[in-house]
*Asks:* 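Take a look at the following structure, please.
For ligands, and for the atoms within them, numbers begin at 1 and follow the listed sequence.
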Amino acid sequence: MNSKIWLSSPHMGGNELKYINEAFAENWVAPLGPNVNGFEEDLENFLGEDTKVAVLSAGTAALHLALIECGVGYGDEVICQSMTFSASANPIAYCGATPVFVDSEPETWNMCPAGLRQAIGDRIKKGKKPKAIIIVHLYGMPAKMDGIIAIAKEFDIEVIEDAAEALGSTYKGQPCGTFGRFGVLSFNGNKIITTSGGGALVCHTQEDKDKIVFLSTQARDNAPHYQHSHIGYNYRMSNIVAGIGRGQMEVLNSRVEARRSMHDFYVNIFKDIDGVTVFSEPSEDFYSNHWLSAITVNPQITGKTREELRMAFLEDNIESRPLWKPMHLQPIFENAPFYGGGVSEKLFNDGLCLPSGSNLTEDERLRIAKVINDFFGK
Ligand SMILES: *Cc1c(COP(=O)(O)O)cnc(C)c1O
């Protein structure tokens, strides 16, 4: 059996253990310490001057705290992109609120601004203004932020950007994760950089960051005894895990380059195969980290389905995956309102994510290319 080729696997830079060893040497084996502060500083430097970053135990935890800080509570409604991973929407349920899903547009696969406008208008007409909008930059592709932000401003609704997949991506030169009131990052094992598990919330004021750190460390009031006037959470990042993050930040730019080169590799393979489209930036305004390279397969033109291609990969021990199944089609959210048409459903039916790791070797690339070329008879 050939060795397994993963969709996206961890890729260490080299200095991660150095930071972890420092933590052990100084006994900072706790959810605070120099690595936590250092990792936050690295992220702030990367994302730009006006950012304040709080590192947390997961991207999902960051979303939960962002919703709480946007005032989302029991009975509220939150608009969320339907085409995404369930972790974008689950925290809405943690708050006792209801998600209102909006379809994608076909260029970036992210929330359709026209659908967003329609959803807000209709929810207001039905008597409830949504409390927040969760927008996702799928597979690293920036959403159409000009349109989204303009609509959010017009109706005075907070924007939370789920940039879990988009660290290193930019829209009109501005980093993804810095457009909304809050931006969510993830350092899960499969993301562009990883801390084994972890996340961060990007804020824009010291006040917001302080509040997030306070809530994530059990919300202890300033008193010598244990005094609480807020419900707290245990969501802070460990100083050990943050050490991995500091090592990974040293190589983030080269990881973005390598993922983008995987995208170019697929563009080159598929350029002569009619009916297969590689997911690519619609214009120069969009700069994707191409966390995952993805394609859509048109069965009418190719005479083949994406599922048959997935099985061909599997036979060679190569992992590929259908795109995220839209949230409005998930059993857990079957009663949630949905605005839009069939864009995300069609993407789910025809789309496939391909091996995209920054650590794929030349031999592995050759294996991938051979499966594709054999499958399409090239
Ligand atoms: C990975 C991911 C998350 C969750 O991040 P965790 O750190 O795994 O909790 C949220 N949203 C999207 C779009 C993701 O891909």
Side-chain angles (χ1 to χ4, degrees), residues 6-10 39 43 53-68 78-95 99 101-102 104 108-111 132-143 145 148 159-169 176-177 179-180 182-202 212 216 233-238 241-242 244-245 248 255 259 279 288-294 321-328 330 332-333 344 347-348 351 353 356-357:
W6 299 90
L7 206 61
S8 177
S9 69
F39 187 27
L43 287 163
V53 176
V55 291
L56 301 167
S57 56
T60 311
L63 267 156
H64 189 192
L65 295 183
L67 287 167
I68 290 168
V78 174
I79 293 187
C80 183
Q81 182 166 320
S82 183
M83 180 101 190
T84 185
F85 179 45
S86 63
S88 303
N90 283 337
I92 301 169
Y94 302 169
C95 295
F101 292 114
V102 173
S104 295
T108 72
W109 300 1
N110 293 310
M111 191 185 284
I133 299 163
I134 298 176
I135 181 89
V136 188
H137 306 293
L138 221 56
Y139 306 121
M141 182 66 71
M145 291 313 289
I148 304 283
V159 172
I160 300 169
E161 258 180 290
D162 181 346
E165 304 177 359
L167 182 59
S169 299
C176 287
F179 288 85
F182 293 110
V184 171
L185 303 176
S186 169
F187 313 110
N188 202 343
N190 60 350
K191 296 296 181 351
I192 191 156
I193 61 167
T194 181
T195 60
S196 72
L201 196 63
V202 182
I212 294 300
S216 71
Y233 300 83
N234 186 5
Y235 282 170
R236 194 68 163 138
M237 180 179 276
S238 132
V241 157
I244 309 177
Q248 289 274 279
R255 297 298 181 260
R259 298 258 175 179
F279 184 35
S288 173
N289 67 9
H290 288 298
W291 168 58
L292 292 188
S293 289
R321 284 235 187 125
L323 305 188
W324 301 125
K325 181 174 179 178
M327 290 303 118
H328 73 280
Q330 297 285 359
I332 42 169
F333 295 124
S344 56
L347 286 168
F348 171 63
C353 295
S356 306

*Asks:* Using modelled atom types only, decide if a donor and an acceptor are shared between the side chain of Arg321 and the backbone of Cys353 within a distance under 3.5 Å.
*Replies:*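 Absent.
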*Asks:* Between Tyr233 and Tyr94, does the ring centre distance come in under 6.0 Å?
*Replies:*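 When the ring centroids of Tyr233 and Tyr94 are compared, they turn out to be at least 6.0 Å apart.
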*Asks:* Could you list the residues that satisfy salt bridge (charged side-chain N to carboxylate O under 4.0 Å, His left out) with Arg236, not counting sequence neighbours?
*Replies:*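 Result, salt bridge (charged side-chain N to carboxylate O under 4.0 Å, His left out) vs Arg236: Glu40.
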*Asks:* Whether the side chain of Ser82 engages the backbone of Met327 through a donor-acceptor N/O pair (distance < 3.5 Å, no angle test) should be reported.
*Replies:*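 The answer is yes, because a donor-acceptor pair under 3.5 Å joins these two groups.
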*Asks:* Hey, does the side chain of Ser288 reach the backbone of Gly140 with a donor-acceptor pair shorter than 3.5 angstrom?
*Replies:*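 Yes.
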*Asks:* In order of chain and number, which residues sit within 4.0 Å of ligand 1 by heavy atom?
*Replies:*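 If the criterion is a heavy atom under 4.0 Å, then ligand 1 touches Ala58, Gly59, Thr60, Thr84, Phe85, Ala87, Ser88, Val136, Asp162, Ala164, Glu165, Ser186, Asn188, Lys191, Gly198.
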*Asks:* Take the angle between the ring planes of Tyr139 and Trp109 and call it parallel below 30°, perpendicular above 60°, tilted in between.
*Replies:*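 Judged by the thresholds at 30° and 60°, the geometry between Tyr139 and Trp109 is perpendicular.
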